[in-house]
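A quick write-up on the structure given underneath.
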Protein chains: 2
Amino acid sequence: MTVSNDGKWIDKKISRRDMLKLTGMGVAGVAIGASGLGGVMKVMGYDVFEPVADSTTAVNKVDFYGKHQSGIITPVQTNIYFASLDVLFTSKKELQELFKQWTPLVVRLMNGELMVDLTKNTRVPTGDTGEADGLDASNLSITIGVGPSLFDKLGIQHLKPEELKDLPHFPKDQLQKEFTGGDLCIQACADDPQVAFHAVRNLVRAASGKVEIKWSQAGFNSFPAGGGSPRNLFAFKDGTVNPSSTDEKDLNKVVWVDKGWLKGGSYLVARKIQMHLETWDRTSLKDQEATFGRYRDSGAPFGKKKEFDDFDVEAKDSNGEYIMPDTSHVHLARKSGARILRRSYSYASGVMTNTGTHDAGLLFISFQKDPAQFTTVQNSLGRMDKMNEYITHRGSAVFACLPGVSKGSYIGEALFNAL
Amino acid sequence: MTVSNDGKWIDKKISRRDMLKLTGMGVAGVAIGASGLGGVMKVMGYDVFEPVADSTTAVNKVDFYGKHQSGIITPVQTNIYFASLDVLFTSKKELQELFKQWTPLVVRLMNGELMVDLTKNTRVPTGDTGEADGLDASNLSITIGVGPSLFDKLGIQHLKPEELKDLPHFPKDQLQKEFTGGDLCIQACADDPQVAFHAVRNLVRAASGKVEIKWSQAGFNSFPAGGGSPRNLFAFKDGTVNPSSTDEKDLNKVVWVDKGWLKGGSYLVARKIQMHLETWDRTSLKDQEATFGRYRDSGAPFGKKKEFDDFDVEAKDSNGEYIMPDTSHVHLARKSGARILRRSYSYASGVMTNTGTHDAGLLFISFQKDPAQFTTVQNSLGRMDKMNEYITHRGSAVFACLPGVSKGSYIGEALFNAL
């Protein structure tokens, strides 16, 4: 929903460009009518009216307000721009100001609106970098998380959930500092790569001098026209066993934190996993399938017909052999007994300059109510997982994704109320 | 168009997955009925029946056969995967074999078919890496070019067109070896990033031991729903002054080579241009617009209303000042008198590890009948161009893109006929 110059609600579907024109006179002092924090704030020297409401007219729009942040159980989009940030400040108050500042900007971005009015005063830097002008909301979701290091940096260790700590070292990890850790994360997912990038760029820019990007990664998913999960760059379907986004009971068991100030939030684990495509491509289909424990064509688990068929990991054939090999990725992951919500994206970033092989792989992202769920799965994979021959973990980070925001509130308010 | 197991044409729209099933028995010896080179060849140990015809039923299909290669005047797609390759052989015969091998594979890729049959013998490496299985043709275009170094490497300098040589050094170039040059290029553009990547991956893989990737770059374009050119990461519209893809006379003047074995081909110039987004974003809109000589909002040239309005670069206002500043990018490019066909893509590849700033920019690609057209434009920009403050050229390459292929022929045949 949006507001015209004379304060009336506009009810037709509008694009970011129309919005630009409609809010053109906003700087002169037209307040946005939704209830909430109220008031006007400065971003890049521009007035931003806060709060703004979820648009009811925007095309391809994901809602911002709700019990949980978007981008967790939101249907997976085609593109991600993931950024891990370090903060340049040391007080909790500045963190609070940052989150208050970001809140209306995130709402606007998810509405497919420009960040701030642009049409006045062309002699100062523009309030929105503009590359998403003319593009619609593109189902943009924005998910903000806080890393373990943030609590140490701000001297608020007493508020750090005990579950929030750096992941342990796993066998075969070859983590690189430049893809690891971070005080904050912004996960921007959208059905357009420029919309996702624009969101991160502008949030970071609005927080200039307060945060800097430690590492970032773009990624994509390509969805088969006929439905089913997207294939990763090993050509296998990924994320099949996720809990259903409509099974609230199951989500409460697997994804949502149910205690403390993080209640309604979730833990995000990000792993930048290089996939050695050339090695994989020299492997027979039979061995590839045995590595996953699934058929490439259908995505079905061994012994089954369809991608989403359930299976008994302990089932054996008439020779007493496991139907799903006990060194397969799916067998070991399932056997761990732990469950996670996978929400990963592929990347293809050119070639490794030293070897000429593809610098490609998976930006693995999972959500869980406790990072220990991921650790349990990963430890189960351990040294046994046949997949280890084909992948190298290059980056790693864990973040506590803040609870959802209700109208009149702001990102992370529960954290500050707990102070 | 495709052929069923009993040799009948299938006339319904089919996806890559259907195709897999239809051609399932192909290995047993069912010949594809189209006329052409004929015969069966081996790729990765698999039989490939050649040639294949452009499908008449594939969804979102760009034609392979024609006077010119696809991907030059083909409507710009949303994604590119560009690869510059070095060859590992030294004879023209091996080059010819490579192009003969690639021809039916390129046709299949552009048809949205799997590269080869996959359903038999799962004990050898698969003939198609499979990640595009289930995705349609996605308007994939594939453009293959030969670089100046290839002619030297194969000892066929006498066939190197005099226009084909490394670009001169330009002021402010900061080229890096790892993004520069190459013996061959594959430009794969599609409306799906995974389809574009899959094409390059599989062509390189099929030529394993014959070529290796020297450098590669993924990119994207996001098209406004309302039409018009996409915006680059400086938020300005790019490629506005291109010749029309339907104006054959103009294309003959600007794009298509009209002599020698390269007749019907075109020269591709690739420049990896880093855009310093943080510096740009600190600049006022007024200065940004003066840098381009266009308005950001509309894309119109200074003094005009609409993106595609023509303009007189020498026009002055009542004070005798140029309406379009004579240090602006568009003024200088236009004043050079040279014209090119721009077909660029944005990239956002994370952050520079040394500075934490965005590693983002433009994979500038232009086509012209002579690389001197590009050189003339670039020299005109020279040290004057206000844009220089905001960009750094990191990579550079030039390729002669081969003429189109007629049925029964193969990629680059004219080159070998000229030997």
Side-chain angles (χ1 to χ4, degrees), chain A residues 15 17 20 59 81 118-119 122-126 129-136 178 192-195 197 201 205 212-218 220-222 224-226 228 230-235 277-278 280-286 288-289 296-297 346 348-351 353 356 358 360, chain B residues 15 17 20 59 81 118-119 122-126 129-136 178 192-195 197 201 205 212-218 220-222 224-226 228 230-235 277-278 280-286 288-289 296-297 346 348-351 353 356 358 360:
Chain A
S15 77
R17 274 183 76 71
L20 164 66
V59 179
Y81 203 84
L118 292 182
T119 54
T122 59
R123 291 171 191 275
V124 297
T126 60
T129 60
E131 74 271 26
D133 189 10
L135 307 175
D136 69 29
E178 62 265 36
D192 184 296
Q194 194 139 316
V195 168
F197 178 71
R201 176 181 180 185
R205 178 171 182 252
E212 62 186 9
I213 305 180
K214 184 175 167 71
W215 60 278
S216 66
Q217 181 66 53
F220 56 90
N221 273 315
S222 296
R231 293 180 187 277
N232 61 30
L233 294 183
F234 283 166
L277 301 187
E278 290 82 359
W280 183 255
D281 287 346
R282 282 195 292 271
T283 305
S284 70
L285 181 60
K286 194 178 153 68
Q288 290 182 354
E289 291 183 334
R296 184 173 93 168
D297 183 38
S346 295
S349 307
V351 292
T353 46
H358 291 292
Chain B
S15 77
R17 275 183 74 73
L20 163 66
V59 180
Y81 202 85
L118 291 182
T119 53
T122 59
R123 290 172 193 273
V124 298
T126 61
T129 60
E131 73 272 27
D133 189 11
L135 307 175
D136 69 31
E178 62 265 37
D192 184 297
Q194 194 139 315
V195 168
F197 178 71
R201 176 182 180 185
R205 178 171 181 252
E212 62 186 10
I213 305 180
K214 184 175 167 70
W215 60 279
S216 67
Q217 181 66 53
F220 56 90
N221 273 315
S222 295
R231 294 180 186 276
N232 62 29
L233 295 182
F234 283 166
L277 302 187
E278 291 81 0
W280 183 255
D281 289 345
R282 282 194 293 269
T283 306
S284 71
L285 181 60
K286 194 177 155 68
Q288 290 181 354
E289 291 183 336
R296 185 174 92 168
D297 183 36
S346 295
S349 307
V351 293
T353 47
H358 290 291

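A note on names: the letters A, B, ... follow the listed sequences, proteins ahead of strands, and every chain is numbered from 1. Only heavy atoms go into these numbers, but all of them, side chains included; no hydrogens, no water, no symmetry mates.
Counting heavy-atom pairs closer than 4.5 Å to chain A, the top residue among B:A348, B:A360, B:G356 is B:A348. For chain A, the option among B:P193, B:A225, B:S349, B:P230 with the highest count of heavy-atom pairs below 4.5 Å is B:P193. The candidate from B:L277, B:D192, B:N232 with the greatest count of non-hydrogen atom pairs under 4.5 Å with chain A is B:L277. Heavy-atom pairs under 4.5 Å with chain B were tallied for A:E212, A:R282, A:H358, A:K214; the largest tally goes to A:H358.
The closest donor-acceptor contact from the side chain of A:E131 to the backbone of B:R231 lies at 3.5 Å or more, if one exists at all. Listed for the A:R201 side chain is a donor-acceptor partner under 3.5 Å among the backbone atoms of B:L233. Although no hydrogens or angles enter the test, the distance criterion places no donor-acceptor pair under 3.5 Å between the side chain of A:R296 and the main chain of A:L285.
Annotation for A:D136 and A:V195: closest pair O-CG2, 3.9 Å, computed over non-hydrogen atoms.
To the nearest 0.5 Å, the span separating OG1 on B:T126 from CZ on B:R205 amounts to 5.0 Å.
B:W280 and B:F234 have parallel rings, their planes meeting at less than 30° on a 0 to 90° scale where 60° marks the start of perpendicular.
In this structure, chain B has a heavy atom under 4.5 Å from the side chain of A:E178, while its backbone stays farther away. For a residue to count as touching a neighbouring chain, one of its non-hydrogen atoms must lie under 4.5 Å from one of that chain's; by this rule A:T353 touches chain B with the side chain only. In this structure, chain B has no heavy atom under 4.5 Å from any part of A:N221.
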